[in-house]
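Here the structure comes first, spelled out in C-alpha cells, and everything after it is commentary.
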Amino acid sequence: MAREHVILFAGPMGAGKTTAIASLSEIPVVRTEAHNTDTGRNAKATTTVALDYGEITLADGDKVRLYGLPGQERFDFMWRILEPRAIGMVLLIDNAGADPLADLDHYLNAFARFRDRGAVVIGITRTDLARQPAIDDYYARLRSRGLFLPVLEVDPRDPAQAGVLLSALIVSIEARSDAAGASA
Ligand SMILES: Nc1nc2c(ncn2[C@@H]2O[C@H](COP(=O)(O)OP(=O)(O)OP(=O)(O)O)[C@@H](O)[C@H]2O)c(=O)[nH]1
Ligand SMILES: [Mg+2]
C-alpha cells in the first residue's frame with residue numbers, strides 16, 4: 001500500500017530551500033514569503049516566514065510531503081512542530097555564505113535526532129558563486145565529529161539535481177532501517 005512520508009528542508013537563509021521544493025513538487029508550492037527585513041544577513045527581497053509545502057510521488061507510489069523551514073531562527077518554533085513527524089532532513093548549506101562550515105555545525109546541532117539516526121543528506125548550494133569550502137572540507141568537518149553523512153553539490157534550481165539529493169536521503173534512510181531490521 002502507498003505510504004506517506006514527511007521530509008524537512010532546513011538550512012540558513014538563502015540556501016535554496018524554497019527553490020528546491022519548487023523544483024521537486026508536483027503541485028504548486030504553498031509558500032509563505034514575506035518582505036525580508038534581515039537584509040544584513042542576506043540581500044534577497046523575500047524570505048520564508050512560516051513554511052513551504054510541496055508534494056512528490058515516488059516510483060513505488062509513496063507520497064512524500066516536503067516542508068521547507070524558515071531560515072531565520074526567530075521562526076524556529078516551526079521546526080519543533082514538524083520535526084517529530086519527519087523521517088529525515090535535507091540540509092542545504094549556502095557555499096557563498098559567510099561561514100558555511102559553521103552553518104553545517106549549527107544545523108547538525110539543532111537537529112540532533114536526525115543527525116544521530118543518519119537521516120540527513122547535505123546539499124551544498126551556490127558553488128557556482130563560491131568554490132570554497134570544497135566538498136572534502138565538509139567531509140573532514142563531519143569526520144571530526146564522528147559523522148558519516150552524504151554531502152552532494154547541488155543547484156536546487158535544477159529539478160534533476162534536487163531529485164538526486166532527495167533520492168540520496170530516501171536511500172540512506174531505507175538502508176539504515178533495513179540494517180536495523182536485520183539486526184533486530
Ligand atoms: N547562482 C545560484 N543561485 C542559487 C543556487 N541555489 C539557489 N539559488 C538562488 O538563491 C536564492 C535562494 O533563495 P531561496 O530558495 O528563497 O532560499 P531559502 O533557503 O528558501 O531562504 P529563506 O526562506 O529565506 O530561509 C534564489 O534566488 C535562488 O534562485 C545556486 O546553486 N546557484
Ligand atoms: Mg524559503
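Computed from a predicted model, the values in this text were never measured in an experiment. Numbering of ligands and ligand atoms starts at 1, following listing order.
- Residue Gly68 places no heavy atom under 4.0 Å from ligand 1.
- Regarding atom 31 (O) of ligand 1, its nearest protein heavy-atom neighbour is Arg126 N, 2.9 Å.
- Residue Thr125 has no nitrogen or oxygen atom sitting less than 3.5 Å from a nitrogen or oxygen atom of ligand 1, judged on distance alone.
- Looking at ligand 1, you'll find an N or O of Thr47 within less than 3.5 Å of one of its N or O atoms.
- Annotation: side chain of Asp38 is not in contact with side chain of Thr47 (no heavy-atom distance under 4.5 Å).
- Remark: ligand 1 and Gly16 share an N or O pair separated by less than 3.5 Å (distance only, no angle test).
- Taking distance alone, with nitrogen or oxygen atoms compared against 3.5 Å, Leu69 stays at or beyond that limit from ligand 1.
- Two residues are said to be in side-chain contact when any heavy atoms from C-beta on lie closer than 4.5 Å; Ile7 and Leu169 meet this criterion.
- Of the protein's heavy atoms, Arg157 CD, 3.5 Å lies nearest to atom 29 (O) of ligand 1.
- Taking the six-membered ring wherever Trp is involved, the centroid distance between the rings of Trp79 and Tyr67 does not fall below 6.0 Å.
- Note: no N/O pair closer than 3.5 Å links Gly11 and ligand 1 by distance alone.
- Val154 is connected to Ile170 through a chain of hydrophobic side-chain contacts under 4.5 Å among Ile, Leu, Val, Met, Phe, Trp and Tyr, so both are in one cluster.
- Annotation: cation-pi pair Arg145/Tyr139 absent, no NZ/CZ under 6.0 Å from the ring centroid and within 45° of its normal.
- By the definition of a contact as any protein heavy atom under 4.0 Å away, atom 27 (O) of ligand 1 is not in contact.
- At the shortest separation from atom 12 (C) of ligand 1 among protein heavy atoms lies Gly14 O, 3.4 Å.
- Looking at Asn36, its side chain does come within 3.5 Å of a backbone N or O of Lys44 through a donor-acceptor pair.
- Contact atoms of ligand 1 toward Asp128: 1 (N), 2 (C), 30 (C), 31 (O), 32 (N) (distance under 4.0 Å to a heavy atom of the residue).
- Checking each of Ile124, Leu165, Ile122, Thr19 against Leu92 for a side-chain contact (heavy atoms from CB on, under 4.5 Å) leaves exactly one that passes, namely Leu165.
- Annotation: side chain of Pro133 is in contact with side chain of Pro100 (closest heavy-atom distance under 4.5 Å).
- Using a 4.0 Å cut-off between heavy atoms, Asp155 contacts ligand 1 through both its backbone and its side chain.
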**OP:** For the pair Glu26 and Lys63, evaluate salt bridge (Lys or Arg N to Asp or Glu O under 4.0 Å) and give the outcome as yes or no after the intermediate values.
**Re:** CA-CA 11 Å; Glu26 296 158 356; Lys63 183 186 269 191; over 6 Å; no

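- Within the 2.8 Å limit, Met13 places no N, O or S atom next to the Mg ion (ligand 2).
- Close contacts between ligand 1 and Gly71 involve ligand atoms 25 (O) [criterion: under 4.0 Å to a heavy atom].
- In terms of protein heavy-atom proximity, atom 15 (O) of ligand 1 is nearest to Thr19 OG1, 2.4 Å.
- When atom types are taken as modelled, the side chain of Arg115 and the backbone of Leu108 share a donor-acceptor pair closer than 3.5 angstrom.
- Within ligand 1, counting atoms from 1 as listed, the ones closer than 4.0 Å to a heavy atom of Ala15 are 17 (O), 19 (O).
- Under a 3.5 Å cut-off, the side chain of Asp103 and the backbone N or O of Pro12 do not form any donor-acceptor pair.
- At a 4.0 Å heavy-atom cut-off, ligand 1 does not touch Asn36 at all.
- Between Ala130, Pro156, Ala20, it is Pro156 that holds the heavy atom closest to atom 6 (N) of ligand 1.
- Among protein heavy atoms, atom 23 (O) of ligand 1 sits closest to Thr48 OG1, 2.8 Å.
- Nearest to atom 16 (O) of ligand 1 by heavy-atom distance, out of Lys44, Arg31, Met13, is Lys44.
- Between Glu153 and Arg131 there is a salt bridge, since a side-chain N of the basic residue sits under 4.0 Å from a carboxylate O of the acidic one.
- The shortest N or O to N or O distance between Lys17 and ligand 1 is below 3.5 Å.
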Original post:
Would Asp52 and Lys17 count as a salt bridge (Lys or Arg N to Asp or Glu O under 4.0 Å) if you check the C-alpha gap in whole Å, the side-chain angles of each, and the deciding distance to 0.1 Å?
Top reply: CA-CA 8 Å; Asp52 304 306; Lys17 303 174 293 290; over 6 Å; no

